Amino acid sequence: EAQVTQNPRYLITVTGKKLTVTCSQNMNHEYMSWYRQDPGLGLRQIYYSMNVEVTDKGDVPEGYKVSRKEKRNFPLILESPSPNQTSLYFCASSLQTGSNQPQHFGDGTRLSIL
Amino acid sequence: AQKITQTQPGMFVQEKEAVTLDCTYDTSDQSYGLFWYKQPSSGEMIFLIYQGSYDEQNATEGRYSLNFQKARKSANLVISASQLGDSAMYFCAMSGTSGTYKYIFGTGTRLKVLA
(Lines give C-alpha, C1' and ligand atoms only; values in the text may rest on other atoms or scores of the structure.)
Protein backbone atom coordinates (compact mmCIF):
# COMPACT_ATOMS: atom_id res chain seq x y z
CA GLU A 1 0.00 0.00 0.00
CA ALA A 2 1.33 3.43 -0.97
CA GLN A 3 1.84 5.45 2.16
CA VAL A 4 3.78 7.93 4.22
CA THR A 5 4.65 6.48 7.62
CA GLN A 6 5.51 8.58 10.64
CA ASN A 7 6.79 7.35 13.99
CA PRO A 8 6.00 7.76 16.75
CA ARG A 9 2.34 8.73 16.50
CA TYR A 10 2.34 10.19 20.00
CA LEU A 11 5.18 11.34 22.23
CA ILE A 12 5.33 13.09 25.58
CA THR A 13 8.80 14.21 26.57
CA VAL A 14 10.65 16.84 28.55
CA THR A 15 12.39 20.05 27.62
CA GLY A 16 15.88 19.59 26.27
CA LYS A 17 15.75 15.87 25.54
CA LYS A 18 16.70 15.33 21.91
CA LEU A 19 14.14 13.51 19.82
CA THR A 20 13.68 12.33 16.27
CA VAL A 21 10.44 11.82 14.40
CA THR A 22 10.91 9.47 11.50
CA CYS A 23 9.16 9.72 8.15
CA SER A 24 9.31 7.15 5.39
CA GLN A 25 7.49 6.90 2.07
CA ASN A 26 7.29 3.88 -0.23
CA MET A 27 6.22 5.69 -3.39
CA ASN A 28 9.66 6.73 -4.67
CA HIS A 29 8.61 10.34 -4.23
CA GLU A 30 11.10 13.06 -4.93
CA TYR A 31 9.72 15.82 -2.69
CA MET A 32 9.25 15.49 1.07
CA SER A 33 8.22 18.02 3.66
CA TRP A 34 7.46 18.58 7.34
CA TYR A 35 4.64 20.71 8.74
CA ARG A 36 3.37 21.63 12.13
CA GLN A 37 -0.32 22.26 12.78
CA ASP A 38 -1.41 24.54 15.60
CA PRO A 39 -4.97 25.69 16.40
CA GLY A 40 -5.88 28.83 14.52
CA LEU A 41 -2.65 28.83 12.54
CA GLY A 42 -3.29 26.10 10.00
CA LEU A 43 -0.28 24.15 8.73
CA ARG A 44 3.10 25.78 8.59
CA GLN A 45 5.97 24.30 6.66
CA ILE A 46 9.12 23.59 8.67
CA TYR A 47 11.51 22.16 6.08
CA TYR A 48 11.25 20.57 2.69
CA SER A 49 13.47 18.45 0.49
CA MET A 50 13.50 18.43 -3.28
CA ASN A 51 15.66 15.33 -3.52
CA VAL A 52 18.40 13.41 -1.74
CA GLU A 53 20.80 15.78 0.01
CA VAL A 54 18.74 18.83 -1.06
CA THR A 55 16.80 20.53 1.71
CA ASP A 56 15.51 24.04 2.29
CA LYS A 57 13.80 26.00 5.02
CA GLY A 58 10.09 26.51 5.20
CA ASP A 59 8.45 29.27 7.18
CA VAL A 60 9.18 27.99 10.70
CA PRO A 61 12.55 26.15 10.69
CA GLU A 62 13.90 27.46 14.01
CA GLY A 63 14.59 24.68 16.50
CA TYR A 64 14.39 21.89 13.94
CA LYS A 65 16.83 19.96 11.78
CA VAL A 66 16.28 17.57 8.92
CA SER A 67 18.32 15.31 6.69
CA ARG A 68 17.65 13.46 3.45
CA LYS A 69 20.30 10.81 3.04
CA GLU A 70 17.99 8.39 1.26
CA LYS A 71 15.08 9.13 -1.01
CA ARG A 72 12.52 7.34 1.13
CA ASN A 73 13.40 8.83 4.54
CA PHE A 74 13.15 12.36 5.88
CA PRO A 75 13.56 12.49 9.68
CA LEU A 76 12.73 15.57 11.74
CA ILE A 77 15.14 16.23 14.60
CA LEU A 78 14.51 18.40 17.62
CA GLU A 79 17.92 18.83 19.22
CA SER A 80 16.68 20.62 22.34
CA PRO A 81 12.88 20.57 22.39
CA SER A 82 10.99 23.35 24.14
CA PRO A 83 7.32 23.62 25.17
CA ASN A 84 6.55 25.92 22.22
CA GLN A 85 7.28 22.97 19.94
CA THR A 86 4.30 21.10 21.35
CA SER A 87 2.21 20.54 18.24
CA LEU A 88 0.79 18.12 15.69
CA TYR A 89 3.40 17.31 13.07
CA PHE A 90 2.80 16.02 9.57
CA CYS A 91 5.22 14.57 7.07
CA ALA A 92 4.20 14.71 3.41
CA SER A 93 5.59 13.74 0.03
CA SER A 94 4.86 14.30 -3.62
CA LEU A 95 5.98 12.50 -6.74
CA GLN A 96 8.01 15.34 -8.13
CA THR A 97 9.18 18.75 -7.10
CA GLY A 98 6.89 21.28 -8.71
CA SER A 99 4.11 23.73 -8.03
CA ASN A 100 1.52 21.34 -9.48
CA GLN A 101 2.22 18.42 -7.16
CA PRO A 102 -0.33 17.48 -4.48
CA GLN A 103 1.04 16.27 -1.18
CA HIS A 104 0.44 12.83 0.31
CA PHE A 105 0.37 13.12 4.08
CA GLY A 106 1.30 10.80 6.90
CA ASP A 107 -1.12 10.28 9.77
CA GLY A 108 0.56 12.83 12.01
CA THR A 109 2.66 12.82 15.18
CA ARG A 110 1.37 14.53 18.28
CA LEU A 111 4.28 15.87 20.33
CA SER A 112 3.95 17.21 23.86
CA ILE A 113 7.03 18.88 25.35
CA LEU A 114 6.76 19.41 29.10
CA ALA B 1 4.92 38.26 1.03
CA GLN B 2 3.04 35.18 -0.10
CA LYS B 3 -0.06 34.53 1.95
CA ILE B 4 -3.26 32.51 1.94
CA THR B 5 -6.35 33.93 3.65
CA GLN B 6 -9.41 31.94 4.64
CA THR B 7 -11.84 34.33 6.27
CA GLN B 8 -14.49 31.83 7.35
CA PRO B 9 -13.42 30.04 10.54
CA GLY B 10 -16.63 27.98 10.54
CA MET B 11 -19.61 27.35 8.31
CA PHE B 12 -22.82 25.37 8.35
CA VAL B 13 -24.61 23.91 5.34
CA GLN B 14 -27.73 21.84 5.00
CA GLU B 15 -27.30 18.35 3.61
CA LYS B 16 -27.71 18.19 -0.20
CA GLU B 17 -27.09 21.91 -0.63
CA ALA B 18 -24.02 23.50 -2.22
CA VAL B 19 -21.47 25.44 -0.21
CA THR B 20 -18.59 27.75 -1.13
CA LEU B 21 -15.47 28.00 0.99
CA ASP B 22 -13.49 31.17 0.40
CA CYS B 23 -9.77 31.42 -0.25
CA THR B 24 -7.79 34.46 -1.32
CA TYR B 25 -4.08 34.51 -1.93
CA ASP B 26 -1.35 37.04 -2.30
CA THR B 27 1.57 36.60 -4.65
CA SER B 28 3.33 38.63 -7.30
CA ASP B 29 4.38 35.52 -9.19
CA GLN B 30 2.81 34.43 -12.45
CA SER B 31 3.35 30.71 -11.96
CA TYR B 32 1.97 28.92 -8.91
CA GLY B 33 -0.32 26.13 -7.86
CA LEU B 34 -3.41 26.22 -5.67
CA PHE B 35 -4.72 23.26 -3.70
CA TRP B 36 -7.52 22.31 -1.35
CA TYR B 37 -7.17 19.67 1.35
CA LYS B 38 -9.73 18.14 3.69
CA GLN B 39 -9.01 17.15 7.29
CA PRO B 40 -11.77 15.04 8.89
CA SER B 41 -12.03 14.76 12.66
CA SER B 42 -9.85 11.64 12.45
CA GLY B 43 -6.96 13.95 11.57
CA GLU B 44 -5.62 12.78 8.22
CA MET B 45 -5.03 15.25 5.40
CA ILE B 46 -6.73 14.43 2.10
CA PHE B 47 -5.96 16.14 -1.21
CA LEU B 48 -9.11 17.30 -2.98
CA ILE B 49 -8.36 19.48 -5.98
CA TYR B 50 -5.62 21.43 -7.78
CA GLN B 51 -5.62 24.54 -9.98
CA GLY B 52 -2.60 25.82 -11.87
CA SER B 53 -2.20 29.56 -12.31
CA TYR B 54 -2.10 29.19 -16.09
CA ASP B 55 -5.12 26.91 -16.28
CA GLU B 56 -7.91 28.68 -18.07
CA GLN B 57 -10.64 26.31 -17.01
CA ASN B 58 -11.76 25.86 -13.42
CA ALA B 59 -10.73 22.52 -11.97
CA THR B 60 -13.39 19.97 -11.08
CA GLU B 61 -13.17 16.65 -9.24
CA GLY B 62 -16.50 14.95 -8.71
CA ARG B 63 -18.56 17.11 -6.35
CA TYR B 64 -15.66 19.51 -5.86
CA SER B 65 -14.94 22.45 -8.11
CA LEU B 66 -12.53 25.31 -7.76
CA ASN B 67 -13.80 28.77 -8.69
CA PHE B 68 -10.56 30.39 -9.83
CA GLN B 69 -10.56 34.15 -10.38
CA LYS B 70 -6.98 35.09 -11.08
CA ALA B 71 -7.48 38.86 -11.27
CA ARG B 72 -9.16 38.82 -7.86
CA LYS B 73 -6.62 36.31 -6.52
CA SER B 74 -9.31 34.01 -5.27
CA ALA B 75 -9.59 30.22 -5.40
CA ASN B 76 -12.86 29.28 -3.74
CA LEU B 77 -13.85 25.65 -3.22
CA VAL B 78 -17.40 24.73 -4.17
CA ILE B 79 -18.87 21.52 -2.79
CA SER B 80 -22.09 20.50 -4.48
CA ALA B 81 -24.76 18.29 -2.93
CA SER B 82 -23.19 18.33 0.54
CA GLN B 83 -23.07 15.08 2.48
CA LEU B 84 -22.70 14.45 6.20
CA GLY B 85 -19.25 13.04 5.48
CA ASP B 86 -18.16 16.44 4.16
CA SER B 87 -18.06 17.75 7.74
CA ALA B 88 -14.38 18.51 8.23
CA MET B 89 -11.72 21.20 8.27
CA TYR B 90 -10.77 22.47 4.82
CA PHE B 91 -7.43 24.07 3.98
CA CYS B 92 -6.45 26.13 0.97
CA ALA B 93 -2.76 26.01 0.01
CA MET B 94 -0.38 27.53 -2.51
CA SER B 95 2.94 26.36 -3.87
CA GLY B 96 5.64 27.43 -6.26
CA THR B 97 5.93 31.10 -5.50
CA SER B 98 9.12 33.15 -5.34
CA GLY B 99 10.97 30.50 -7.30
CA THR B 100 10.79 28.07 -4.40
CA TYR B 101 8.77 24.97 -3.70
CA LYS B 102 7.46 26.06 -0.35
CA TYR B 103 3.90 25.26 0.54
CA ILE B 104 1.78 27.90 2.26
CA PHE B 105 -1.50 26.95 3.94
CA GLY B 106 -4.41 29.03 5.11
CA THR B 107 -5.82 28.78 8.61
CA GLY B 108 -8.69 26.60 7.51
CA THR B 109 -12.50 26.60 7.50
CA ARG B 110 -14.45 24.14 9.63
CA LEU B 111 -17.53 22.95 7.75
CA LYS B 112 -20.46 21.29 9.48
CA VAL B 113 -23.11 19.61 7.34
CA LEU B 114 -26.53 19.49 8.97
CA ALA B 115 -28.97 16.62 8.44
Side-chain angles (χ1 to χ4, degrees), chain A residues 1-6 9-10 23 25 27 29-51 54-61 66 68 74 87-111, chain B residues 1-10 21 23 25 27 29-55 59 61 64 66 68 75 88-110:
Chain A
E1 181 190 348
Q3 59 187 3
V4 178
T5 304
Q6 298 179 224
R9 293 290 315 280
Y10 304 90
C23 174
Q25 49 90 6
M27 298 170 279
H29 280 182
E30 189 174 88
Y31 183 98
M32 297 187 74
S33 182
W34 277 103
Y35 301 87
R36 60 178 290 174
Q37 182 178 7
D38 301 290
L41 297 178
L43 280 80
R44 293 178 292 167
Q45 193 172 38
I46 303 170
Y47 272 96
Y48 62 97
S49 170
M50 292 163 283
N51 214 323
V54 183
T55 62
D56 206 350
K57 295 177 181 178
D59 284 334
V60 288
V66 293
R68 187 96 180 269
F74 190 46
S87 187
L88 176 60
Y89 290 84
F90 285 101
C91 180
S93 70
S94 58
L95 179 62
Q96 295 175 329
T97 295
S99 64
N100 62 344
Q101 299 290 308
Q103 304 265 280
H104 299 259
F105 283 80
D107 288 336
T109 295
R110 190 165 292 281
L111 281 184
Chain B
Q2 288 73 31
K3 189 177 179 182
I4 293 277
T5 302
Q6 294 180 253
T7 57
Q8 306 152 314
L21 306 184
C23 173
Y25 59 93
T27 180
D29 294 299
Q30 296 302 309
S31 177
Y32 48 88
L34 296 159
F35 304 81
W36 278 92
Y37 291 86
K38 173 184 178 181
Q39 186 178 41
S41 57
S42 50
E44 72 268 30
M45 294 286 291
I46 302 165
F47 164 69
L48 294 178
I49 196 166
Y50 159 79
Q51 179 85 40
S53 59
Y54 289 118
D55 294 342
E61 289 285 350
Y64 303 110
L66 200 153
F68 180 48
M89 184 74 107
Y90 289 83
F91 291 100
C92 182
M94 178 169 63
S95 179
T97 60
S98 298
T100 74
Y101 296 103
K102 281 186 183 181
Y103 258 77
I104 302 166
F105 281 77
T107 53
T109 295
R110 186 171 297 282

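For the numbers below, each heavy atom of this structure counts, side chains included, while hydrogens, waters and symmetry mates do not. Throughout, protein chains are lettered first and strands after them, A, B, ... in sequence-line order, and every chain is numbered starting at 1. Everything numeric here is computed off the predicted structure, so don't read it as measured data.
A donor-acceptor pair is defined here as one N or O able to donate and one able to accept, closer than 3.5 Å; such a pair exists between the side chain of A:Y31 and the backbone of B:Y101.
A 4.5 Å side-chain heavy-atom check between A:Q103 and B:Y37 finds at least one atom pair inside the cut-off. In this structure the side chain of B:K102 reaches within 4.5 angstrom of the side chain of A:Y48, judged on heavy atoms.
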**Request:** Carefully, step by step, assess B:Q39 and A:F90 under the rule side-chain contact (heavy atoms from CB on, under 4.5 Å).
**Result:** CA-CA 12 Å; B:Q39 186 178 41; A:F90 285 101; 3.5 Å; yes
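With sequence neighbours left out, B:F91 forms a ring pair (Phe, Tyr, Trp, His ring centres under 6.0 Å) with no residue at all.
For chain B, no part of A:Y47 is nearby; none of its heavy atoms comes within less than 4.5 Å. Looking at B:Y50, only its side chain comes within 4.5 Å of chain A, counting heavy atoms on both sides.
Interface residues of residues 32-41 of chain A toward chain B, defined by a heavy-atom distance below 4.5 Å and sorted by number: A:Y35, A:Q37, A:G40, A:L41.
With rounding to the nearest 0.5 Å, the separation of CG in A:L43 from OG1 in B:T107 is 11.0 Å. Distance check: A:N100 CG to B:F35 CZ gives 6.5 Å after rounding to the nearest 0.5 Å.
Most heavy-atom pairs under 4.5 Å with chain B, from the set A:K57, A:H104, A:Q101, A:M50: that is A:Q101.
Applying the 6.0 Å contact sphere to CZ of A:R110 captures no more than 12 heavy atoms from other residues, nucleotides or ligands.
Closest of all the heavy-atom pairs between B:S95 and A:G98 is OG-O, 4.3 Å.
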